[in-house]
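We're numbering straight along the sequence, starting at 1.
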Amino acid sequence: MENQKPLQNGNNAAGDDRGRVGDGSALIFLGTGCSSSVPNAMCLIQPSDPPCHVCSQSLSIPPEHNPNYRCNTSLLIDYCSTNGMHNYIIIDVGKTFKEQVLRWFTFHKIPRIDSIVLTHEHADAVLGLDDIRVVQPHSPTNDIDPTAIYLTQYAMDSVATKFPYLVQKKLREGQEVRRVAQLDWRIIEENYDKPFVASGLKFVPLPVMHGEDYICLGFLFGEKSKVAYISDVSRFPSNTESVISKSGCGQLDLLILDCLYKKGSHNVHLCLPQTLDALKRICPKRALLIGMTHDFDQHKDNEVLMEWSEREGIHVQLARDGLRVPIDL
């Protein structure tokens, strides 16, 4: 695993592999893969000839030592406020959430979740909501403080259909109490340029197109270092691009950006050619790519991206599950 230097006060982003007691803020990549995750199941049950190198690795290399093993995209923000207290904010809880907790909460010694922020209501962003209870105090009667969760009204309506027992406020007559995740639902206003604060950290919603029929949210956060997280995007509206671009409202210290396939294009996601074009327009100091399929080999493709970085003056690499990025927020 590569060693990198910390990102502080606007310097280049970085990552090491282990948090320590007393450390400042950090970003931890709980997942960097596409909705179906990596390895691709079809590569294992119907292997090609020759077999897929990225997916076949998963059978011989433990996931914690295999950067090509990718769960659903999710970011944990370990936010250390000025008083030294840590708050833990997670962006998206997808289908692989419990696996991510077992792998990376234990590894990085994350004790809890204080807030949840959702980009949208698709399966790879919300189907782990039921498992939030595994990181909450145990109470058979649900008598615990709920975890704040921020989402749009559209996402709220969808989640209420998928998980009615997570939003139900009052038991029906004769209904048994069952232990479920306790969540405090908070709506992100339709006026997306209005910031909200989750566990002490201010977030600015960034609406982007996730296909031409659907708006997904990215988020801008950080005062000392500006970070934008955009996991599901096919096109940037001009207002959003202006907010995060060097030629608009100011240069980002770190852009975390969608990148589904290595070649071609896709109707609801950026692929590598479009991702690199977006990076040249937005011009962040550094970028880490997420949402990859088994098209990408972490080792080989990061070498190629390093050559691109040297040519273009924008440091870009593929992120990996478990990557910890110290950052001054």
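- Atom CD1 in I327 sits 5.0 Å away from atom CG in L27 (nearest 0.5 Å).
- Closest non-hydrogen pair, L329 versus L201, comes out as CD1-CD2, 4.5 Å.
- Screening D124, D92, T73, T152 for a side-chain hydrogen bond (donor to acceptor under 3.5 Å, both in side chains) involving T119 leaves a single residue, D92.
- Side-chain rings of Y88 and H108 stay apart, their centers remaining 6.0 Å or farther from each other.
- Contact record, P195 with D193: CD-O, 3.4 Å, taken as the closest heavy-atom pair.
- How far CG of L289 is from CE of M292: 6.5 Å, rounded to the nearest 0.5 Å.
- Checked against the 6.0 Å centroid criterion, the rings of F219 and Y229 do not qualify as a close aromatic pair.
- Closest approach of S58 to P39, counting heavy atoms only: OG-CG, 3.3 Å.
- Taking both residues in full, the closest heavy atoms of A319 and I290 are given as CB-CG2, 4.1 Å, listed atom of the first, atom of the second, then distance.
- No side-chain donor from either of S25 and K224 sits under 3.5 Å from a side-chain acceptor of the other.
- Side chains of D232 and Y214: no donor on one and acceptor on the other come within 3.5 Å.
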Where do Q298 and N68 land on the side chain to side chain donor-acceptor pair (under 3.5 Å) test, with the steps shown first?
CA-CA 6 Å; Q298 180 85 14; N68 287 323; over 6 Å; no
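- For S81, the side chain to side chain donor-acceptor pair (under 3.5 Å) partners are N83, not counting sequence neighbours.
- Each of Y79, Y150, F221 was checked for a ring pair (Phe, Tyr, Trp, His ring centres under 6.0 Å) with F203, and the lone residue meeting it is F221.
- Here the OH atom belonging to Y154 is positioned 10.5 Å from the CD1 atom belonging to I215, to the nearest 0.5 angstrom.
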Which is it for S231 and D258 under the side chain to side chain donor-acceptor pair (under 3.5 Å) test, yes or no, and what are the steps along the way?
CA-CA 5 Å; S231 60; D258 191 17; over 6 Å; no
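- In plain terms, the two heavy atoms of L129 and A181 that are nearest each other are O-CB, 3.7 Å.
- A salt bridge links K285 with D253: at least one charged nitrogen is closer than 4.0 Å to a carboxylate oxygen.
- Between the side chains of Q136 and T147, a donor-acceptor pair is found at a separation under 3.5 Å.
- Of all non-hydrogen atoms in H294 and C52, the two that sit nearest each other are ND1-SG, 3.6 Å.
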Show the numbers, then the answer: is there a side chain to side chain contact (heavy atoms under 4.5 Å, CB included) between I28 and L323?
CA-CA 6 Å; I28 297 173; L323 176 65; over 6 Å; no
List the steps and the verdict of salt bridge (charged side-chain N to carboxylate O under 4.0 Å, His left out) for K202 and E223.
CA-CA 8 Å; K202 184 173 75 172; E223 299 292 337; 3.6 Å; yes
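- Although no hydrogens or angles enter the test, the distance criterion places no donor-acceptor pair under 3.5 Å between the side chain of E312 and the main chain of S309.
- Within 6.0 Å of atom NZ in K98, 12 or fewer heavy atoms from other residues, nucleotides or ligands are found, so the atom counts as exposed in its surroundings.
- Heavy atoms of other residues, nucleotides or ligands lying less than 6.0 angstrom from CD of E190 number 12 at most.
- For S225 and D328, the side-chain atoms include no donor-acceptor pair closer than 3.5 Å.
- Note that the CD atom of Q317 and the CZ atom of R286 stand 6.5 Å from one another [nearest 0.5 Å].
- Side chain of S242 to backbone of N239: no donor-acceptor contact under 3.5 angstrom is found.
- Aromatic rings from H210 and H269 are positioned such that their centres are separated by under 6.0 Å.
- For the atom pair I230 CD1 and T240 OG1, the distance stands at 7.5 Å (nearest 0.5 Å).
- Taking a 6.0 Å sphere around NZ of K246, one finds it holds 12 or fewer heavy atoms contributed by other residues, nucleotides or ligands.
- One distance of note links CD of E212 with OG of S234; it measures 5.5 Å at 0.5 Å rounding.
- Of the possible donor and acceptor atoms, none in the side chain of E241 sits under 3.5 Å from a partner among the backbone N and O of A278.
- Among D301, L305, V304, L260, the one residue that satisfies the side-chain contact (heavy atoms from CB on, under 4.5 Å) test with L272 is L305.
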